[in-house]
Amino acid sequence: MESQFETQFLALRKKYIEAQFGKLNPVQRDAVFTTDGPLLILAGAGSGKTTVLVNRIANLIRFGSAHSSTYAPQGAGPEQVAELERLLHSGGEPSEALRPFLREHTVRPYNVLAITFTNKAAGELKNRLSAMLGEAGQDVNASTFHSACVRILRREAGRLGYPQSFTIYDTDDQQRAMKEVYKSMNIDDKFLPLKSAIGAIGRLKDKMISPQDAMSAPADTRAGLVAKVYDAYQKRLLQAGAFDFDDLIYATVKLLRDFEDVREYYQNRFRYILVDEYQDTSVAQFQLVYLLGGEHRNVCVVGDDDQSIYRFRGATIENILNFEQHFPGAKVIRLEQNYRSTSNILNAANCVIKNNMGRKGKTLWTENGNGEKLMCYEADSEFDEAAHVAAVIGQNVKKGAKLRDHAILYRMNAQSGPIETYFARAGIPYKIVGGQRFYDRKEIKDMLAYMSIVANEQDDLRLRRIINEPARKIGATTVQNVADIAAGLGVSMLEVIEHAPDYPALARASAALGGFWRIYRRLKEAYDTMPLDVFVSEMLEITGYRSMLEAEGEEGQTRMENIGQLVSSVKTYADQRGPEASLPGFLEEVALISDIDSYDEGADVVVLMTMHAAKGLEFNYVFIVGLEEGIFPSEMSRYSNEDLEEERRLCYVGITRAKKELYLSCANSRMLFGQTKHNRPSRFLEEIDASLVEVEQSPAAAQTKAMRQRYMQQQNAYLQTEYGAASMRSTVQAGYSARYGGASHGSGAGGASRPARQRASVGGGFSTVQAGSAASVPRTEGSGAYRPGDLVEHKVFGRGEVLKVTPVAGDTIVEIRFDTAGVKKTMANYAPLKHISE
DNA sequence: TCGATCACGCTTTTT
DNA sequence: GCGTGATCGA
């Protein structure tokens with residue numbers, strides 16, 4: 001029976017616990033204090049889901065399920081009630097005596113597994129947990145699917161016939177391996193391109209389909225061929241002791257499925273499981289979660305079906321749609337209040353996403369004000385677009401914004417080029433996230449390959465990469481001979497090299513191979529006797545890589561610097577991990593790290609990245625560039641409704657990154673991959689309600705447009721006199737909207753009927769011809785205009801004095817000392833620069 | 001076996 | 001437009 005004090009204590013304790021967790025709205029609080037059983041949190045963009053996750057974990061660890069109404073605080077008496085009242089009133093820490101009354105079977109930090117999408121998100125989670133819980137926060141398992149799997153595989157890989165020190169293959173390694181498969185099977189890559197084979201195999205693994213399954217019932221000849229190369233590829237990887245990215249998940253699921261003791265161990269280890277970004281999980285990842293959490297059923301997943309943007313990589317939105325079937329009795333909580341964006345931005349996002357079918361359905365709302373309207377800029381070219389972005393950033397910085405508050409988002413990495421060029425010349429500091437990773441550079445990959453063969457001597461693929469780098473007179477024929485002998489004997493290539501003189505086929509090359517073997521031995525020795533970072537820098541000498549680069553001159557110089565960076569990251573790793581540090585450990589970290597993980601908000605620079613990379617981030621000012629049909633939505637998605645909906649979700653993700661202001665832009669012409677294209681404005685622009693947007697057209701774009709219209713009118717006149725067939729031209733203009741430039745060709749219920757809301761400068765329809773400057777790059781005064789001593793005003797850096805002027809091909813480098821920004825070099829033709837007098 | 005030259009193709013998004 | 005790979009000649 002509950003005593004009167006117990007009842008009183010229960011109520012007080014509820015209040016006390018809730019007071020421990022910052023301000024949460026009622027729905028968030030519900031999510032935080034739902035401690036046990038399956039839970040699906042549908043969290044809209046900017047709804048504070050990370051806060052919920054952090055608080056939920058912290059509550060589990062500090063108070064367990066003590067908040068639940070079923071728990072009775074047995075034996076609580078007047079002293080406990082009195083102390084709790086005091087704590088509630090004036091704060092402070094509970095006494096040791098009180099603590100047992102406050103919690104109920106609390107959860108050990110290492111019993112919690114939190115899976116996030118990037119390493120960076122995992123790190124943030126840990127940091128926030130540490131801030132709330134101290135040391136215990138560090139003991140929570142927070143990682144990506146891939147690194148969680150690697151940790152399990154490092155213990156258990158032996159059961160699958162893989163070495164403890166297995167290698168992780170990236171996409172480049174995959175291609176090399178597949179190329180060898182093709183060669184050995186005599187397959188022409190014209191029939192089945194390498195990349196599609198690799199992609200198809202990846203999708204099979206995402207669905208947990210084994211090579212045998214795939215071979216047993218191929219749907220068609222192509223599927224049959226895929227199954228065959230899949231089988232051969234997999235054998236090759238096993239031989240090399242290597243997993244590719246998809247294998248990491250696949251193999252772990254297999255391990256948990258087939259080995260009961262392993263499964264039970266990890267089920268008990270991870271009593272509480274949380275999965276973030278659940279909308280982007282694959283079938284295999286679902287099975288992993290289910291195998292780990294199906295028993296205790298303390299599985300909490302967080303996701304937003306509207307932000308699912310990795311279908312192309314095997315993510316299946318069904319996971320989130322079917323969660324309640326997978327975990328019967330699951331509780332569902334919806335976080336729909338947005339704390340991030342202005343309501344104009346949010347409404348724009350809602351406008352776009354509501355065009356998708358098959359959503360779980362939710363509408364975000366906010367108590368934030370309307371804010372500014374969205375700006376849409378219609379540029380003439382991609383350079384014009386870049387110039388405009390730079391100019392707006394300049395204005396914002398002048399008003400007190402930081403450069404780092406600005407993000408420029410695009411559909412594909414190739415779009416960063418013109419912006420980069422413009423910013424570099426204008427002297428605007430920026431950073432690109434994504435694109436080519438540091439670890440993808442050739443010299444770095446070479447170094448990593450050397451390290452790989454020391455860590456895992458079976459790794460023939462990495463061996464092939466560096467056996468003749470630097471040149472050691474070991475040519476393709478020799479390598480092939482070694483590979484053939486190794487394959488015949490079922491041993492590694494290194495083993496064949498060790499005994500090279502024994503094989504007649506290698507007689508001619510045995511001196512060169514002997515030389516390589518001695519290098520390998522010296523590497524091994526260095527590895528055994530030296531600290532990790534010393535070993536890596538020693539490697540440069542032993543392999544002769546340094547001398548090779550030194551002979552290369554300037555290019556080699558920068559490569560040396562990159563390798564220097566690698567050495568220092570090895571050192572950082574070794575320092576951080578202490579005795580735990582190992583070579584396989586470092587290689588694994590490198591393999592699983594992505595560029596976004598190292599994105600540092602601290603540096604005051606503009607950030608450029610794809611919308612995919614921007615997922616989970618937020619910025620005060622966001623630019624989405626290249627909103628054109630064929631770019632975004634991409635050309636590839638044009639003919640598939642499902643792909644198009646994914647593009648739309650990506651657009652939704654992009655828009656909802658913005659907190660204060662959102663700038664959209666498109667260009668009338670764009671050079672991409674060496675070809676100039678004239679794209680229509682994106683349908684996504686059309687979908688945003690006109691009342692939310694202010695449209696601005698660049699003067700140059702207006703002029704180009706006027707010219708094109710004149711041309712078209714001439715064509716029309718010609719066609720009419722010649723054929724009297726007005727219909728022939730309609731295809732030329734079909735789809736152009738009234739709002740975003742060009743001729744309107746009334747597309748029914750679309751934008752044609754909307755009120756024109758453009759600024760005065762925008763000419764809508766046929767009649768208006770724009771007068772304006774033809775300059776595609778605005779407002780510069782020409783190279784000769786600056787002299788040392790001149791006072792100038794830069795749009796981003798403010799006032800400064802010209803120090804030095806150096807003419808270069810067609811332009812001038814102007815070195816300026818700014819009042820606040822220090823000394824910078826800018827290009828006169830590009831920098832947003834003008835003269836001022838005092 | 002090596003080096004230079006040429007042609008080719010390829011670009012959605014990424015752990 | 002770029003980098004990579006293939007090919008050719010030495």
Side-chain angles (χ1 to χ4, degrees), chain A residues 115-122 143-150 168-172 174-176 179 189-190 193-196 198-199 202 205-206 243-250 277 280-282 284-285 308-315 382 409-418 421 433-437 439-442 467-479 508-509 512 588-597 609-615 626 630-638 640 643-644 646-647 649-651 653-654 670-677:
Chain A
I115 295 175
T116 57
F117 200 68
T118 61
N119 293 298
K120 179 167 181 275
S143 64
T144 62
F145 269 106
H146 295 267
S147 34
C149 288
V150 168
I168 301 169
Y169 277 3
D170 64 14
T171 28
D172 185 62
Q174 281 184 294
Q175 285 190 32
R176 287 163 181 267
K179 202 170 266 178
D189 72 340
K190 293 229 164 47
L194 275 183
K195 282 187 175 168
S196 21
I198 290 170
K205 288 178 184 171
D206 286 333
F243 291 113
D244 65 24
F245 285 132
D246 303 310
D247 282 334
L248 294 175
I249 316 282
Y250 182 91
E277 310 282 10
D280 283 321
T281 50
S282 65
Q285 287 168 333
S308 163
I309 53 174
Y310 284 99
R311 209 176 64 103
F312 73 93
R313 198 175 80 187
E382 70 274 22
L409 309 182
Y410 35 77
R411 179 64 181 82
M412 51 191 161
N413 283 308
Q415 285 171 261
S416 69
T421 313
V433 177
Q436 208 202 18
R437 294 186 324 159
Y439 291 108
D440 287 341
R441 290 163 208 253
K442 315 130 214 85
I467 192 165
N468 203 33
E469 192 75 29
R472 300 190 177 98
K473 301 196 184 296
I474 303 173
T477 354
T478 307
V479 173
R508 267 181 56 196
E588 153 193 327
E589 196 156 287
V590 166
L592 297 180
I593 209 113
S594 73
D595 204 49
I596 190 75
D597 295 329
M609 64 180 114
T610 63
M611 278 170 277
H612 281 89
K615 175 165 146 170
I631 305 281
F632 189 34
S634 84
E635 186 65 40
M636 310 280 158
S637 67
R638 181 162 288 181
S640 149
D643 289 348
L644 195 70
E646 177 137 313
E647 297 283 305
R649 291 192 292 270
L650 185 59
C651 184
V653 169
R670 176 180 302 273
M671 162 109 97
L672 204 60
F673 308 129
Q675 268 187 316
T676 304
K677 286 254 164 80

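None of the values given here were measured: they were computed from a predicted structure.
Residue Lys473(A) places its side chain closer to dT1(B) than to any other of dT15(B), dT1(B), dT14(B). Of the listed nucleotides (dT14(B), dT15(B), dC2(B)), dC2(B) has the atom at the smallest distance from the side chain of Ala471(A). Of the candidates dG5(C), dT1(B), dT4(C), the closest approach to any side-chain atom of Thr478(A) belongs to dT1(B). When the nucleotides dT11(B), dG1(C), dT15(B) are ranked by their closest atom to the side chain of Met671(A), dG1(C) comes out on top. Out of dT1(B), dT13(B), dG5(C), the shortest distance to the side chain of Thr477(A) is found at dT1(B). With distances taken from any side-chain atom of His146(A) to the nucleotides dT15(B), dT13(B), dT4(C), the minimum falls on dT15(B). Among dT1(B), dT13(B), dT14(B), the nucleotide with an atom closest to any side-chain atom of Arg313(A) is dT14(B).
Taking atom CZ on Arg638(A) and atom C1' on dT13(B), their separation rounds to 17 Å, with Å as the unit. Protein atom CD of Glu469(A) is 12 Å distant from nucleotide atom P of dG5(C), rounded to whole Å. As rounded to whole Å, 15 Å separates atom P of dC10(B) from atom NZ of Lys677(A). Separating the CG atom of Leu672(A) from the P atom of dT11(B) is a distance of 13 Å, rounded to the nearest angstrom. Atoms CG (Asn468(A)) and C1' (dG5(C)) sit 16 Å apart, rounded to a whole Å. With rounding to whole Å, Glu277(A) atom CD is found 13 Å from dT14(B) atom C1'. We find that CG of Asp172(A) is positioned 15 Å from C1' of dT14(B), with the value rounded to whole Å. Between the CD atom of Gln175(A) and the P atom of dG5(C) there is a distance of 9 Å, given to the nearest Å.
At a threshold of 4.0 angstrom between heavy atoms, the contacts of Glu635(A) with the nucleic acid are absent. Phe145(A) comes within 4.0 angstrom of no nucleic acid atom, judged by non-hydrogen atoms across all strands. Within the nucleic acid shown, Ser147(A) has no heavy atom closer than 4.0 Å to any nucleic acid atom. Within 4.0 Å (heavy atoms only), Met636(A) reaches at least one base atom of the nucleic acid. Using a 4.0 Å heavy-atom criterion, one finds that Lys195(A) contacts the sugar-phosphate atoms exclusively. Ser637(A) comes within 4.0 angstrom of no nucleic acid atom, judged by non-hydrogen atoms across all strands.
Residues satisfying the salt bridge (charged side-chain N to carboxylate O under 4.0 Å, His left out) test with Arg313(A), not counting sequence neighbours, are none. Qualifying salt bridge (charged side-chain N to carboxylate O under 4.0 Å, His left out) partners for Arg638(A), counting only residues two or more places apart in sequence or in other chains: Glu635(A).
Applying the 5.5 angstrom centroid cut-off and the 30 degree plane-angle cut-off, the aromatic ring of Phe312(A) is stacked upon the base of dT13(B).
For the pair Gln175(A) (side chain) and Asp172(A) (backbone), a donor-acceptor distance under 3.5 Å is absent. At distances below 3.5 Å, at least one donor-acceptor pair connects side-chain atoms of His612(A) with backbone N or O atoms of Ile309(A). Counting only distance, with no hydrogens or angles, the side chain of Gln285(A) and the backbone of Phe145(A) share no donor-acceptor pair below 3.5 Å.
Considering only side-chain N and O atoms, Asn413(A) lies under 4.0 angstrom from the phosphate OP1 or OP2 of dT13(B).
Heavy-atom distances to DNA chain B give each of Arg472(A) and Asp643(A) a nearest nucleotide, and the one nearer the 5′ end belongs to Arg472(A). Where Ala613(A) and Ile474(A) each meet DNA chain B at their nearest nucleotide, the meeting point lying more 5' is that of Ile474(A).
For the atom pair Lys615(A) NZ and Phe117(A) CZ, the distance stands at 4.0 Å (nearest 0.5 Å).
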